[in-house]
Amino acid sequence: MEKLKKTCQTCGDEERMGEGEEKMEEVLKTLPMEKLPEGIHLSFYEGHWYRSTFMHGIIPFQQHFKAQDTDLILVTFPKSGTTWLKALAFTIANRNNYPVSESPLLTTNPHSLVYFLDFEIYGKSPILKLEDLPSPRVLATHMPHSALPTSIKDSNCRVVYLCRNPLDMFISYRHFVAKFSNKPFDPSLIEESFDMFCRGVSSYGPFWDHVLEYWKASQERQNKVLFLKYEDMKEDPISHLKVLAKFMGLPFSVEEESQGVIEEVLKLCSFDNLKDLEVNTNETNRNGHPYSMFFRKAEVGDWANYLTPSMLERMNKLMEEKFAGSGLNFKFS
Ligand code: A3P
């Protein structure tokens, strides 16, 4: 009975919180686990690998979250350009509230403007209450499509998925984890991590399933799921920004286009601009991690400085096998 009296701090749901806690306690003990060479523990839950510490938010998120038709959910595989997508979507959604010269992005990191549902809003110490967010809500997650709360799939809310070629994303993650753990980047760990990644063992992995699920969803529900690639956005940011704004139901007007608003938004959210802002060079998030860890090189093809030709060959074979017949591919340079 004690459990049924508890209330979810995020959505105020009473009964289901009890069920969620029960299920979580049960499953956490029994889940298969692996440890990445960098020391991060992953748990295998319903076909996907998650950071073990995130499980406390993932299950309640799956059980409690009630999507609204007006929600925009940004989804990425970690290190695929989440920071960029959050900045762009936030700016598009709020461009009538703030002129670009007064954007909150100038003083606030994108991750403190658009929060992750699975480990921040539903995490152990919820960062905010969903009901406090103004509508339309812009929210984020790294969760695979098949693991999303049913209300996201059943409602008319929109989902934007951004992915990146797995080699650059893999290297970006290694650097991120080193910074996050306050350790120097250790290239000697790459071989083992790469093997694990190829076997599907990575945070929110297997990577292939993640990308394919959203790829298929975007083809089946074109108005509801937008599929973007980091490399394409780097190559042609203007067209992609227009596509994103249109998908969000907030297309740029002819007047805005002629006034150069698209270029302004892109400049504001660009890697070069964001990385040098005071907030992103010198400030930390609520867990004491520097915001600078989200900004490194932002290049396509940096993997070539770290991975061997045989690793590339292994990845190419895997991609051929996993993406066969899907029409999905990635640019590596
Ligand atoms: P690199 O490590 O290759 O430089 P995420 O935002 O999903 O955590 O991904 C981080 C990657 O996106 C990092 O890649 C980072 O440098 C890059 N990045 C951060 N901000 C960006 C921006 N505004 N535009 C393009 N890339 C950005």
Side-chain angles (χ1 to χ4, degrees), residues 38 40 51 54 73-92 100 103-106 108-120 138-143 160-181 185 187 190 193 197 202-205 207 210-211 214 228-238 240-241 244 263-277 279-281 285 287 289-307 330-333:
E38 292 91 353
I40 286 176
R51 281 190 62 177
F54 291 173
I73 317 276
L74 310 178
V75 189
T76 52
F77 201 83
K79 314 327 288 176
S80 300
T82 324
T83 316
W84 191 17
L85 182 62
K86 283 184 175 184
L88 293 171
F90 176 87
T91 308
I92 292 170
V100 166
S103 170
L105 278 167
L106 296 169
T108 314
N109 179 271
H111 294 282
S112 293
L113 293 170
V114 179
Y115 289 107
F116 286 105
L117 282 155
D118 41 329
F119 58 91
E120 288 184 320
V138 184
L139 300 158
T141 181
H142 290 313
M143 295 280 283
V160 178
Y161 183 70
L162 172 63
C163 59
R164 185 180 190 187
N165 84 65
L167 298 179
D168 281 329
M169 188 266 291
F170 169 81
I171 289 299
S172 181
Y173 188 77
R174 303 324 350 138
H175 282 278
F176 175 77
V177 169
K179 275 198 202 158
F180 181 84
S181 323
F185 171 73
I190 286 183
S193 344
F197 182 83
S202 62
S203 185
Y204 296 93
F207 167 77
H210 205 281
V211 181
Y214 282 100
L228 299 170
K229 291 184 200 161
Y230 182 87
E231 295 75 22
D232 294 347
M233 283 181 53
K234 292 275 287 185
E235 204 172 285
D236 185 359
I238 293 184
H240 286 88
L241 193 69
L244 178 60
E263 287 77 5
E264 263 186 347
V265 172
L266 285 172
K267 195 172 167 205
L268 170 72
C269 301
S270 70
F271 174 76
D272 286 340
N273 183 53
L274 293 184
K275 85 169 177 351
D276 289 337
L277 295 173
V279 58
N280 296 325
T281 46
N285 65 14
N287 298 319
H289 298 302
Y291 285 126
S292 61
M293 69 186 174
F294 293 106
F295 305 91
R296 194 179 63 93
K297 280 189 170 178
E299 283 172 7
V300 179
D302 185 46
W303 61 269
N305 295 314
Y306 301 90
L307 303 180
F330 284 100
K331 290 177 195 146
F332 284 142
S333 58

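Note that the structure is a prediction, hence the values are computed from the model and not measured. Both counts, for ligands and for their atoms, begin at 1 and track the order of listing.
The parts of Ala298 lying near ligand 1 are both backbone and side chain, judged by heavy-atom distances below 4.0 Å. Contact annotation: for Tyr230 versus ligand 1, heavy atoms closer than 4.0 Å belong to the side chain alone. Contacts between Cys269 and ligand 1 below 4.0 angstrom, taking non-hydrogen atoms only, involve the backbone exclusively.
Of the listed residues (Phe271, Phe170, Phe77, Phe176), the one carrying the non-hydrogen atom nearest atom 18 (N) of ligand 1 is Phe271. With Lys86, Glu299, Arg296 as candidates, the residue nearest to atom 16 (O) of ligand 1 on a non-hydrogen basis is Arg296.
Residue-ligand proximity: Lys79 is placed with a non-hydrogen atom under 4.0 Å from ligand 1. Ligand 1 has no atom lying under 4.0 Å from any heavy atom of Ala87. Residue contacts with ligand 1 include Arg164, since one of its heavy atoms falls under 4.0 Å from the ligand.
Geometrically, Lys79 engages Phe176 in a cation-pi contact, judged by NZ or CZ lying under 6.0 Å from the ring centre and within 45° of the ring axis.
Open room surrounds NZ on Lys267; 12 or fewer heavy atoms of other groups in view lie less than 6.0 Å from it.
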How far apart are the C-alpha atoms of Lys275 and Asp272, what are their side-chain angles, what is the distance that settles it, and do they pass the side-chain contact (heavy atoms from CB on, under 4.5 Å) test?
CA-CA 6 Å; Lys275 85 169 177 351; Asp272 286 340; 3.9 Å; yes

Might you work through the ring pair (Phe, Tyr, Trp, His ring centres under 6.0 Å) test for His240 and Tyr230, ending with a clear yes or no?
CA-CA 10 Å; His240 286 88; Tyr230 182 87; over 10 Å; no

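Rounding to the nearest 0.5 Å places OG of Ser202 at 11.0 Å from CD1 of Ile40.
Among Phe116, Trp84, Tyr291, Phe119, the single residue meeting the ring pair (Phe, Tyr, Trp, His ring centres under 6.0 Å) criterion with His111 is Phe116.
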